[in-house]
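Quick notes on the structure that follows.
We use all heavy atoms of the structure for the numbers below, so side chains are in, but hydrogens, waters and symmetry mates are not.
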Amino acid sequence: MKRTGRRYRPGRAANDYDVIVIGSGIGGLACAALLSRLGRKVCVLEQHYTAGGFTHSYEREGYEWDVGVHYIGEVHKPHAALRRIFDVISDGRIRWAQMDAVYDRIIVGGKAYDFVAGRENLKAALKQHFPDEHAAIDAYFDLVLRVARSMKTYFSGQAMPPLLARAAEALRPLRVPRECFMSTREVLESLTQNQELIAVLTGQWGDYGLPPRDAAFLMHASVAKHYFDGGCYPVGGSWKIADGIIPVIRETGGEVFTYARVEQIVVENGRATGVQMADGSRIHAREIVSNTGARITYGKMLSDDVRTQHGYTAKLDEVRPSAAHLCLYAGFRGTAAELGLPRTNLWIYPSADHEGNLQRFIDDPFNALPMVYISFPSAKDPEWEQHYPGKSTVEVITLGRYEWFAPWADKTWNQRGDDYEALKARFTERLLEALYAQMPQLRDKLDYCELSTPLSTQWFQMNDRGEIYGLDHDLGRFEQKWLHPVSPVKHLYLTGQDIVTAGVGGALLGGVMTTAAMMGRRADRVFKLLKSWQPPEPA
């Protein structure tokens, strides 16, 4: 079993810390590690049996799967911002392996379009498929770059104290492209009316969970640009991310505790002073950071009085949880080479009508699957064969509504009864058939599989609707000024996906922004640390 962190028991934690971080997803770990680098003693509290949030791995029946790190862009470049952050918070312990040159294959109505690494390579490939759309394709790439490069300006207020942040937000419309305030479909239909081309260009919408009509173009552009130079995978598996970061937190006397469920954030005289654990014990700290998302932090971890005082009930009504999903974790007999498994992700759509396909699925879950994503983690990890010789793993993902599984929400994991298992079995069969349609050679090699549902995400991640990307990344979500690292409760901060954008990269940047905001006038120390860090000398 791949487990990181130390199991929590009363007495194992110190009486006082400089900072408590609730939740060990990448945003929380990044914030904790940066604060540790700046001399703080940090306690990270994770309710799951292992640290890492959606970056953890799990083993079952002799196989291992990642649960959320399917690929990350830009980290193969030593001087890229994301790579730099990962290096600083892990002291360079995390290593990365590049995927195939074709990192994503978009399949629309049976026709395949390869997303090949290198911006000019991808442009050329798209122009071959759409010879009458050269101008639109050029305009699209220019616009994606312009909007993605404006992200630093767009989110600059997140690293500032609230008063300065308000000023930055007021000036934002004058400093960033107008497309930052438009939906993805609105922007693309201003460039082309070719719906097949739009469907292909938005073929990664599962990376942020909203189809083009609903997704902010800001979100789409950040994801598209993020992968222009290809994708990477952590060497040794995604659990190596938390494993590499935890020693940095421990260097200054901190710790990452697992099985450590926080019941409530303790607020005294308007100031956060600690946390009350599910077992009744309390841990004190000068500052509290929540990496559990806005809906859990402000909707569940604060007392009713504090929640009412700061108007969080009304504020939370202005945002929605992001998409939930179904994931089939499958293990096969044979190596990736023997089975012909690529280091390319597959995105499969029944037609170019992303919104219509999704709506039909929402109306009836046994209509055609609106999107199927297939990942081959054992093929992506160059060390896989050392640990699991003669075996391979595949993940097959689609969307799944929480409401379909809500009748069993009050049941314990793995004890939800025959009806629940029967529903899972129906989805399992459909996802396997989607896989076999692309990889028929796998049909008689299946050794083990199991399906996670939104209830699985709810159980293990504490996301109350089984959501995977925090808050929905629609236009309304980016208008919420209260989604800032500094909360109105003194010494309580928010970090993770709800601070910047979705995914590992977005949550990682959220951790940086929160750390800077916590430092106040000394925020420059965070950015100097990121700039000045040097790899440790070889032993």
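- Side chains of H70 and E395: a donor-acceptor N/O pair is present below 3.5 angstrom, by distance only.
- Annotation: the span from R84 atom CZ to L82 atom CG amounts to 13.0 Å, rounded to 0.5 Å.
- Proximity of M371 to I348: side-chain heavy atoms (C-beta onward) are nowhere separated by under 4.5 Å.
- Two residues are said to be in side-chain contact when any heavy atoms from C-beta on lie closer than 4.5 Å; L369 and L399 fail this criterion.
- Residues R343 and D100 are paired through a salt bridge, judged by an N-O separation under 4.0 Å between the basic side chain and the carboxylate.
- For the pair R178 (side chain) and P173 (backbone), a donor-acceptor distance under 3.5 Å is absent.
- Tested against D524 for a side-chain hydrogen bond (donor to acceptor under 3.5 Å, both in side chains), the candidates K528, R521, R522 yield a single pass: K528.
- Ring centroid separation for the pair W96 and F86 comes in under the 6.0 Å cut-off.
- R119 has no carboxylate O lying under 4.0 Å from a charged side-chain N of D229, or vice versa, which leaves the two without a salt bridge.
- Here the straight-line distance linking atom CD1 of I468 with atom SG of C327 works out to 9.5 Å at 0.5 Å rounding.
- The environment of R271 atom CZ is dense: over 12 non-hydrogen atoms of other residues, nucleotides or ligands sit within 6.0 angstrom.
- Taking 4.5 Å as the limit, every side-chain heavy atom of V200 sits out of range of all side-chain heavy atoms of W347.
- At least one donor-acceptor pair closer than 3.5 Å links the side chain of T514 to the backbone N or O of L494.
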* Derivation of the side chain to side chain contact (heavy atoms under 4.5 Å, CB included) call for R307 and Y298 -> CA-CA 7 Å; R307 193 180 308 123; Y298 301 136; 5.8 Å; no
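- Using a 4.5 Å heavy-atom cutoff, the side chains of L509 and I85 are in contact.
- Checking side-chain atoms of T184 against main-chain N and O of A215 turns up a donor-acceptor pair under 3.5 Å.
- At a threshold of 4.5 Å between non-hydrogen side-chain atoms, the residues T398 and H325 do not count as touching.
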* Asked: Going through the checks in order, is the side chain to side chain contact (heavy atoms under 4.5 Å, CB included) test met by M99 and N345?
  -> CA-CA 9 Å; M99 293 164 58; N345 304 313; 3.4 Å; yes
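- For the residue pair T501 and S222, no side-chain donor N or O sits within less than 3.5 Å of a side-chain acceptor on the partner.
- For the residue pair Y233 and D66, a side-chain donor N or O sits within less than 3.5 Å of a side-chain acceptor on the partner.
- Of the possible polar contacts, none joining the T515 side chain to the L34 backbone as a donor-acceptor pair under 3.5 Å is found.
- Residues F181 and F217 place their aromatic rings such that the two centres sit no closer than 6.0 Å.
- In summary, the side chains of Y493 and E287 do present a donor paired with an acceptor at a separation below 3.5 Å, with no hydrogens or angles considered.
- Ion pairing of R286 with D18 is present here, as a side-chain N (NZ or NE/NH1/NH2) and a carboxylate O approach within less than 4.0 Å.
- At a cut-off of 3.5 Å, with distance as the only test, a side-chain donor of S24 or E46 sits close to an acceptor on the other residue.
- A salt bridge links R105 to D114: at least one charged side-chain nitrogen sits closer than 4.0 Å to a carboxylate oxygen.
- For K123, the side-chain hydrogen bond (donor to acceptor under 3.5 Å, both in side chains) criterion is met by D138, not counting sequence neighbours.
- D214 has no carboxylate O lying under 4.0 Å from a charged side-chain N of R185, or vice versa, which leaves the two without a salt bridge.
- Formation of a donor-acceptor pair under 3.5 Å by the T344 side chain with backbone atoms of V102 is found in this model.
- Counted by atom type alone, N357 and S351 present one or more donor-acceptor pairs between their side chains at under 3.5 Å.
- Within the 4.5 Å cutoff, the side chain of L316 has heavy atoms near those of the R295 side chain.
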* **Worked verdict on I22 versus I296 for side chain to side chain contact (heavy atoms under 4.5 Å, CB included)** => CA-CA 11 Å; I22 308 169; I296 299 297; over 6 Å; no
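- The pair E318-R477 does not count as a salt bridge, with every side-chain nitrogen at least 4.0 angstrom from each carboxylate oxygen.
- For Y227 and D104, the side-chain atoms include no donor-acceptor pair closer than 3.5 Å.
- The neighbour count for K77 NZ, taken as heavy atoms of other residues, nucleotides or ligands under 6.0 Å away, is above 12.
- A distance-only check finds no donor-acceptor pair linking the side chain of T252 to the backbone of G39 [under 3.5 Å].
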* Decide side chain to side chain contact (heavy atoms under 4.5 Å, CB included) for S322 and Q497; before the verdict, give the C-alpha distance in whole Å, the side-chain angles of both, and the deciding distance to 0.1 Å. => CA-CA 11 Å; S322 60; Q497 293 187 112; over 6 Å; no
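- With hydrogens and angles left out, the side-chain atoms of Y113 and E196 include a donor and acceptor closer than 3.5 Å.
- A salt bridge between E169 and R175 is absent, with no side-chain N of the basic residue lying under 4.0 Å from a carboxylate O of the acidic one.
- Looking at H220 and Y208, their side chains do bring a donor and an acceptor atom within 3.5 Å of each other.
- By the 4.0 Å N-to-carboxylate-O rule, D142 lies too far from R146 to be salt-bridged with it.
- A donor-acceptor pair is defined here as one N or O able to donate and one able to accept, closer than 3.5 Å; no such pair exists between the side chain of H310 and the backbone of Y312.
- Judged by distance alone, the side chain of T55 and the main-chain N or O of G52 form a donor-acceptor pair under 3.5 Å.
- At least one donor-acceptor pair under 3.5 Å links the side chain of S183 to the backbone N or O of E186.
- Annotation: side chain of Q458 is not in contact with side chain of E467 (no heavy-atom distance under 4.5 Å).
- In this model, a donor atom of one side chain and an acceptor atom of the other lie less than 3.5 Å apart for D91 and W533.
- Side-chain contact check for K240 versus I94: every heavy-atom pair is 4.5 Å or farther apart.
- For R172 (side chain) and Y154 (main-chain N/O), a donor-acceptor pair under 3.5 Å exists by modelled atom type.
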